[in-house]
Visitor: 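Here it is: the structure, laid out below.
Along the sequence shown, residues carry numbers from 1.
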Amino acid sequence: MSNIIYELFENINNSDYIVASYYLRLEKNVDPYEKAKSFAIGQSLGTWVKVPGITDEMRKKYMGKIVNIVEVPASDLVDDSILEYRDYIFSIAYPFDNFGPKFPMIMTTLLGNDASTSTQAKLIDIYMPKKFTDMFNGPNFGIEGLREVSGVKDRPILLNMIKPCLGFKAEAGAEIFYQTALGGVDLIKDDELLANPSYCTLEDRLDKYIEASNRAYEETGKKTLYVPNITDHVDKILDNAKMAVDKGAKLVMLNFASVGIDVLQYLTKNIDVPVIAHYASAGPYYESAFSGIASNLFLGKFARMAGADVVMINTPYGGYPLKKSRYLRTAHELMLDHPSYKKQCHVVVGE
């Protein structure tokens with residue numbers, strides 16, 4: 001029975017499992033195999049103790065499997081005199097019959113049961129076979145679709161946002177929009193902090209900003225598109241998006257980290273314009289070195305799976321101390337060819 005929890009990657013590859021890799025730090029006297037067992041079981045069946053109804057067949061089919069445990073640095077000889085703790089990479093395989101193509105349950109399985117497992121770990125990588133990623137649509141428009149909508153074919157697409165972030169009425173924002181559009185920018189978006197306050201409602205902005213866009217177009221012959229922030233209560237987001245499209249918006253923006261990746265997926269399945277996924281509120285997911293989820297997975301892999309056409313991410317060149325290597329990896333997750341998603345996400349660099 002004890003070997004049921006272990007598996008070789010060769011037997012997992014291209015099977016009905018995803019493989020998640022975690023970084024964690026343990027005191028040097030903690031057995032990493034016992035810790036990995038607790039984690040793999042706690043994130044799947046939930047118990048290793050015999051209880052009524054738990055069978056070996058259930059363990060074989062539905063329990064998480066330990067695929068690998070790597071110590072960092074990769075020591076093979078024992079030397080307890082140097083370190084008080086040891087760092088590890090655990091790779092755990094989960095049968096995707098347990099959660100299916102549902103982001104809330106994927107996140108719960110990969111990270112959400114820590115109170116039961118008593119493990120602080122950071123999710124740093126995920127291997128997903130094509131049979132699993134085929135269950136997700138990926139971007140509807142992607143880079144080429146955004147170029148088609150914006151009319152920009154052979155240069156970078158220029159995006160601006162209206163500042164101050166909030167505190168003004170729609171008329172004042174429309175004048176800023178108009179003056180900015182005269183400069184030839186391609187897209188102007190709401191700030192992520194401005195959604196639908198009573199003093200500057202989404203509906204008012206749509207009416208006045210699109211009128212400002214048309215006014216600037218009459219003078220310059222260059223169309224500047226308005227990207228409204230439709231973030232709201234979950235039950236209002238799709239209505240906001242449809243209102244925006246009905247009033248002439250060609251793109252919409254969603255603060256997907258704050259409303260949830262599943263909401264982003266729902267929106268992209270039900271709206272026929274490109275969706276810009278904004279990273280606002282994502283920091284708490286990845287800022288810790290010892291818990292959460294790596295930024296390239298949350299902002300890259302998952303956002304693309306959920307159907308974002310454009311993802312706005314942080315940059316290592318501003319005031320936020322994002323590592324360049326993580327920034328590049330996020331861009332790769334969004335833009336490199338993928339066997340399941342035929343379209344690539346456009347990357348927009350944030351402030």
Visitor: For Glu34, check side-chain contact (heavy atoms from CB on, under 4.5 Å) against everything at least two apart and list the hits.
Guide: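 Once residues adjacent in sequence are excluded, the partners of Glu34 under the side-chain contact (heavy atoms from CB on, under 4.5 Å) criterion are Asp31, Lys37.
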
Visitor: Within a 6.0 Å radius of atom OH on Tyr33, are there more than 12 heavy atoms belonging to other residues, nucleotides or ligands?
Guide: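 Count not over threshold, so no.
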
Visitor: Using a strict threshold of under 4.0 Å (side-chain N to carboxylate O), is an ion pair present between Asp239 and Lys242?
Guide: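 The answer is no: the pair does not qualify as a salt bridge.
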
Visitor: Looking at Asn229 and Leu194, what are the two nearest heavy atoms and their distance?
Guide: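 For Asn229 versus Leu194, the nearest heavy atoms are ND2-O, 3.0 Å.
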
Visitor: Decide if atom NZ of Lys131 counts as having more than 12 heavy atoms of other residues, nucleotides or ligands within a radius under 6.0 Å.
Guide: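 Atom NZ in Lys131 is crowded, with more than 12 foreign heavy atoms closer than 6.0 Å.
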
Visitor: Checking Asn296 against Tyr286: is there a side-chain donor and acceptor pair closer than 3.5 Å?
Guide: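 Tyr286 vs Asn296: no donor-acceptor pair found between side chains.
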
Visitor: Distance only, no hydrogens: is a donor on one side chain within 3.5 Å (strictly under) of an acceptor on the other, for Ser213 and Thr224?
Guide: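 Absent: no donor and acceptor within the cut-off.
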
Visitor: Is Asp191 salt-bridged to Lys163, cutoff N-O under 4.0 Å?
Guide: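 Judged by the 4.0 Å cut-off on N to carboxylate O distance, Asp191 and Lys163 do form a salt bridge.
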
Visitor: Work out which heavy atom in Asn11 is nearest to a heavy atom in Ser15; give both atom names and the distance.
Guide: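 Minimum heavy-atom separation between Asn11 and Ser15: O-OG, 3.7 Å.
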
Visitor: Does Lys236 have more than 12 heavy atoms from other residues, nucleotides or ligands lying within 6.0 Å of its NZ?
Guide: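 Atom NZ in Lys236 is not crowded, with 12 or fewer foreign heavy atoms closer than 6.0 Å.
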
Visitor: Rounded to the nearest 0.5 Å, what separation is found between the CE atom of Met161 and the CE atom of Met253?
Guide: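 Here the rounded value is 8.5 Å.
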
Visitor: Around atom CD of Glu219, are there more than 12 heavy atoms from other residues, nucleotides or ligands closer than 6.0 Å?
Guide: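 Yes - once you tally the heavy atoms of other residues, nucleotides and ligands closer than 6.0 Å, there are more than 12.
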
Visitor: Could you list all the ring pair (Phe, Tyr, Trp, His ring centres under 6.0 Å) pairs where at least one residue sits in residues 190-210, not counting sequence neighbours?
Guide: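 Applying ring pair (Phe, Tyr, Trp, His ring centres under 6.0 Å) to every pair that reaches into residues 190-210, excluding sequence neighbours, yields Phe177-Tyr209, Tyr209-Tyr226.
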
Visitor: Quick one: list whatever passes side-chain contact (heavy atoms from CB on, under 4.5 Å) with Ala280, sequence neighbours left out.
Guide: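 If we apply the side-chain contact (heavy atoms from CB on, under 4.5 Å) test to Ala280, skipping adjacent residues, the hits are Glu192, Asn255, His278.
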
Visitor: Which residue pairs satisfy the ring pair (Phe, Tyr, Trp, His ring centres under 6.0 Å) criterion with at least one member in residues 258-277, sequence neighbours excluded?
Guide: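 Matches after skipping sequence neighbours: none remain.
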
Visitor: Any sub-3.5 Å donor-acceptor pair from Lys301's side-chain atoms to Thr330's backbone N or O?
Guide: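 It does not hold such a pair.
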
Visitor: Between OH of Tyr285 and CD1 of Ile293, what distance do you get to the nearest 0.5 Å?
Guide: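 The distance works out to 9.0 Å.
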
Visitor: Once rounded to the nearest 0.5 Å, what's the spacing between atom CG of Leu299 and atom CZ of Arg329?
Guide: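 If I round to the nearest 0.5 Å, the distance is 13.5 Å.
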
Visitor: Cation-pi check, Lys223 to Tyr217: give yes when NZ or CZ is under 6.0 Å from the six-membered ring centre and within 45° of the ring axis, no otherwise.
Guide: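 Yes; both conditions hold, so Lys223 lies above the ring face of Tyr217.
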
Visitor: Is a side-chain donor or acceptor of Ser281 paired with a backbone partner of Ser258 at a separation under 3.5 angstrom?
Guide: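 The answer is no, because no donor-acceptor pair under 3.5 Å joins these two groups.
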
Visitor: Do Tyr62 and Glu57 have side-chain N/O donor and acceptor atoms under 3.5 Å apart?
Guide: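 No - no donor-acceptor pair under 3.5 Å links their side chains.
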
Visitor: Measure across Phe290 and Ser288 and return the closest heavy-atom pair with its distance rounded to 0.1 Å.
Guide: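 Minimum heavy-atom separation between Phe290 and Ser288: N-OG, 3.0 Å.
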
Visitor: Testing the 3.5 Å rule here: is there a donor-acceptor pair between the side chains of Asn196 and Thr201?
Guide: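 The answer is no; no qualifying pair exists.
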
Visitor: So how far is it from Leu123 CG to Ser21 OG, rounded to the nearest 0.5 Å?
Guide: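 Nearest 0.5 Å value for the CG-OG distance: 8.0 Å.
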
Visitor: Is it the case that the side chain of Arg86 and the backbone of Lys28 share a donor-acceptor pair, with hydrogens and angles ignored and the cut-off at 3.5 Å?
Guide: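 No; judged by distance alone, with no hydrogens or angles, the pair does not exist.
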
Visitor: Verify the ring-centre separation between Tyr279 and Phe256: is it less than 6.0 angstrom?
Guide: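 Judged by ring-centre distance (under 6.0 Å), Phe256 and Tyr279 do not meet the cut-off.
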
Visitor: Any side-chain to backbone donor/acceptor pair from Asp309 onto Asn140? Under 3.5 Å, distance only.
Guide: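 Answer holds: yes.
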
Visitor: Walk me through it: do Tyr23 and Phe90 pass the test ring pair (Phe, Tyr, Trp, His ring centres under 6.0 Å)?
Guide: CA-CA 7 Å; Tyr23 162 74; Phe90 287 3; 10.0 Å; no

Visitor: Under 3.5 Å, is there a donor-acceptor pair between the side chain of Lys342 and the main chain of Pro339?
Guide: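 Side chain of Lys342 to backbone of Pro339: a pair is present.
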
Visitor: Mind checking what makes salt bridge (charged side-chain N to carboxylate O under 4.0 Å, His left out) contact with Lys122, not counting sequence neighbours?
Guide: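 If we apply the salt bridge (charged side-chain N to carboxylate O under 4.0 Å, His left out) test to Lys122, skipping adjacent residues, there are no hits.
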
Visitor: Looking at every non-hydrogen atom in both residues, tell me the closest pair between Gly248 and Ile210 and how far apart they are.
Guide: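 Result for this residue pair: C-CD1, 3.7 Å.
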
Visitor: For the CG atom on Asp235, are there more than 12 heavy atoms of other groups (residues, nucleotides or ligands in this structure) within a distance under 6.0 Å?
Guide: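 Atom CG in Asp235 is crowded, with more than 12 foreign heavy atoms closer than 6.0 Å.
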
Visitor: Just wondering, more than 12 heavy atoms not from Lys323 lying within 6.0 Å of its NZ?
Guide: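 It does not: Lys323 NZ has 12 such atoms or fewer within range.
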
Visitor: Less than 4.0 angstrom from a charged side-chain N to a carboxylate O is my criterion; do Arg155 and Asp186 meet it?
Guide: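 Result for this pair is yes, salt bridge flagged.
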
Visitor: Taking salt bridge (charged side-chain N to carboxylate O under 4.0 Å, His left out) as the definition, give me every residue that meets it alongside Arg304, ordered by chain and number, with sequence neighbours left out.
Guide: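 Arg304 satisfies salt bridge (charged side-chain N to carboxylate O under 4.0 Å, His left out) with no residue once adjacent residues are dropped.
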
Visitor: To check you understand the geometry: which heavy-atom pair defines the closest contact between Ala40 and Ile5, and what is its length?
Guide: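 Distance-wise, the nearest heavy atoms are CB-CD1, 4.3 Å.
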
Visitor: Quick check on Glu171: does its CD atom have over 12 non-hydrogen neighbours (other residues, nucleotides or ligands) under 6.0 Å away?
Guide: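 Yes, because the 6.0 Å sphere around CD of Glu171 holds more than 12 heavy atoms from other groups.
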
Visitor: Quick check, are the ring centers of Phe103 and Phe302 under 6.0 angstrom apart?
Guide: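 Ring-ring flag for Phe103/Phe302: true, centres closer than 6.0 Å.
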
Visitor: Give me the atom names and distance for the closest heavy-atom approach of Ile126 to Leu297.
Guide: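 So the two residues come closest at CG1-CD1, 4.0 Å.
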
